[in-house]
Amino acid sequence: MWRAYSTGPDREVLIGSDYKPFYAKDRGTDLGVSTWPLDAWKIGGGTVSGWLSFDPDLGLVYYGTANPAPWNAEQRPGDNKFTSGVFARDIVTGRARWFYQVSAHDQFHYEATNENILVDLELPGGTRKTLLHPDRNGYLYVFDRLTGEVLSATPFVRVTTSAGVDLSTGALHYAPEKLPRANIVVRGICPSSAGGKNWQPSAWSPRTRLLYIPHQNLCQDEEVMATSFIAGTPYMGAIIKMKPGPGPGRGLVTAWDPVAKRAAWTVNEDFPVWSGALATAGDLVFYGTMDARPNPESSVSRSRIEDRTARSTSPCCRAWVAGPEPSCSTTSIRATAVPRVALRTRCATSSSAPRREACSMCSHSLDGNTSALAEERMR
Amino acid sequence: MNRLHASLGAVICTTLLVAACERETREFDPGPEGAQLGRSLSGVDRMSHYERNAHALATGKRLWTWYNCSGCHANGGGGASGPALMDRAWIYGWDTASIYKSIADGRPNGMPAYRGRIPEDQLWQLTAYVRSLSGLAPQDGAPNRDDAFLTRTPESFSDEQKPQPAQPSAATGQR
């Protein structure tokens, strides 16, 4: 049993001689104190509110830390270690092995609490033990999970708040014109504070070697102002107004190839895709949406479905399950915890697979009337 | 006939003037133990005075940000981790006494108690402003500007939402 903090002196963060971050920016003594204004680290946030991943071979546990407080970054000059970054810790002792601050002096409440998916990738230099981290700041990070080196960091959504990650220093280059300032409205901040992707977990398929990322396409205007710390209340000092990002919908699912560093395909959705994704050995990907369940009697909703299906540029099939409780979908519906959620299935087979075959695979996983309905709609 | 009209006009003018006076009244020193005004009025008058008073509503709006109400309920009361307060759904009641109690004593699952931490007068100003978020306070006194940029229709332009009771749920911002 051990306990480690995200801010404060090294003895509380469990940082010792075996702490070897890859980049100089993350090295130093008591950075959890010295990168803050006096005593601000005590109310500085950096909670562990997201996912934890474990590599049994390396004996390391990986997790991201949340944003520094308050949101108004002018009240906390400095890097604000060890917030908005990824920790690798020894599972037995809890001592930090490496840390990488994803968003130093986090300006946009991006945090780094999104999931860390541990996969071994065939990269140009050979097989690497990697950690895939689709961050809220809009970049898909591929780490060497032994050392914390960033092998690549590629935007998977529209990003206006930064101009790339320097792989030699590990620094994220913020765009100066988008930094929130007190009493000034900064417009066109992309992604929004909800992130290019939030807590909804991605799914990795070892068969297709693709990461299926459910995420949102939102931007925002923001104004920050002085705020006071009051125990038991949010410590923010920011007003934000979110709006749809450029493109056809406010949400999408991206099938990301981390080796080629590009999207294999995307599906646009009207609403942010707040559900997690599930990839199966049968090459299906499940996710939920916030659409209301369509009324089968309504020609309006039906034509809308068909129109959307027709507009899809993907060669893969796509089924809309509108019938009563299809057997294969129960888990996903429950997992999304969104009432009256519409469920879509999508074949994850490669684009060369014949469409007919892909469709029959989808149909097999549905039952009875629902299957017939789905098949009819796909025809 | 003319005399009747004249006296009727005088009555109307006086009524408007009195109402306008109440809207524009400013209490600069409510005293350390709470509002002087509060002590001098009956319960019902005290409650309704604040939401008929432009200064009380405007101050409530400012306190809404200062005391971090906006962190949970959002800048314009649209709701986030806390329930929306610009809609018609009310878990703990929408009358002035119930809203005052919610702010003063707190509610389960996250609403802190502000009684004893801020002046009594400010509790009433916040109460009045919360009612104006869904158009329950008179529109002529409700704020129509923001210190920061607008994220919603101004309170003074908000149509009254027909309040109705609601159960705590994820949909109302409480689990």
Side-chain angles (χ1 to χ4, degrees), chain A residues 43 45 47 49 66-67 69-72 74-75 109 111 180-189 192-194 198-199 218-243 272 274-275 288 290 292 333-341, chain B residues 61-86 102-119 122-123 126 130 133 143 145-154 166-175:
Chain A
I43 50 170
T47 57
S49 53
N67 61 294
W71 287 26
N72 178 1
E74 292 186 347
Q75 287 182 231
H109 179 249
E111 317 190 304
R181 284 168 293 162
N183 307 321
I184 288 175
V185 183
V186 180
R187 300 185 190 276
I189 291 172
S192 77
S193 290
N198 210 314
W199 57 74
L218 298 172
C219 298
Q220 73 187 23
D221 301 338
E222 179 170 0
E223 181 174 345
V224 297
M225 66 280 299
T227 186
S228 304
F229 178 79
I230 305 171
T233 67
Y235 188 32
M236 287 177 61
I239 290 177
I240 57 177
K241 187 176 184 177
M242 291 191 199
K243 47 194 180 183
W274 284 120
S275 86
M290 296 201 290
I333 286 179
R334 197 175 292 137
T336 62
V338 177
R340 297 174 67 227
V341 70
Chain B
K61 182 182 176 73
R62 185 164 281 192
L63 299 175
W64 172 264
T65 306
W66 285 7
Y67 294 153
N68 299 342
C69 310
S70 54
C72 289
H73 300 287
N75 183 43
S81 59
L85 299 174
M86 66 187 289
S102 294
I103 299 170
D105 299 336
R107 296 290 185 185
N109 302 319
M111 177 67 198
Y114 280 82
R115 190 198 299 277
R117 294 162 175 245
I118 64 176
Q122 296 186 348
L123 290 173
L126 279 166
V130 166
L133 287 169
R145 296 187 62 182
D146 273 35
D147 284 347
F149 69 114
L150 279 171
T151 54
R152 57 161 283 176
T153 308
Q167 292 296 314
S169 71
T172 52
Q174 280 212 327
R175 274 162 278 273

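Treat the numbers as computed from the prediction; the structure is a model and nothing was measured. Throughout, a chain's letter reflects where its sequence line sits, starting with A, and its residues are numbered from 1.
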> What is the minimum heavy-atom distance between A/Glu223 and B/Phe149, and which atoms define it?
Replying inline: OE1-N, 3.2 Å
> Who wins among A/Ile239, A/Val185, A/Ile230 for the most heavy-atom pairs under 4.5 Å with chain B?
Replying inline: A/Ile239
> Okay, side chain of B/Asn68, backbone of A/Tyr235: is any donor-acceptor separation there less than 3.5 Å?
Replying inline: no
> Of the backbone (N, CA, C, O) and the side chain (C-beta and beyond), which part of A/Ile240 lies under 4.5 Å from a heavy atom of chain B, both, or neither?
Replying inline: backbone
> For B/Gly71 and A/Met236, which heavy atoms make the closest approach, and how far apart are they?
Replying inline: CA-SD, 3.5 Å
> Considering all heavy atoms of both residues, which atom of A/Met225 and which atom of B/Ala148 are nearest to each other, and what is their separation?
Replying inline: CE-CB, 3.9 Å
> Using non-hydrogen atoms only, which part of A/Asp221 is less than 4.5 Å away from chain B: side chain, backbone, both, or neither?
Replying inline: both
> Can you check whether A/Thr233 reaches B/Tyr67 side chain to side chain, under 4.5 Å on heavy atoms?
Replying inline: no
> Between B/Pro112 and A/Gly232, what is the shortest heavy-atom contact and its length?
Replying inline: CG-O, 3.8 Å
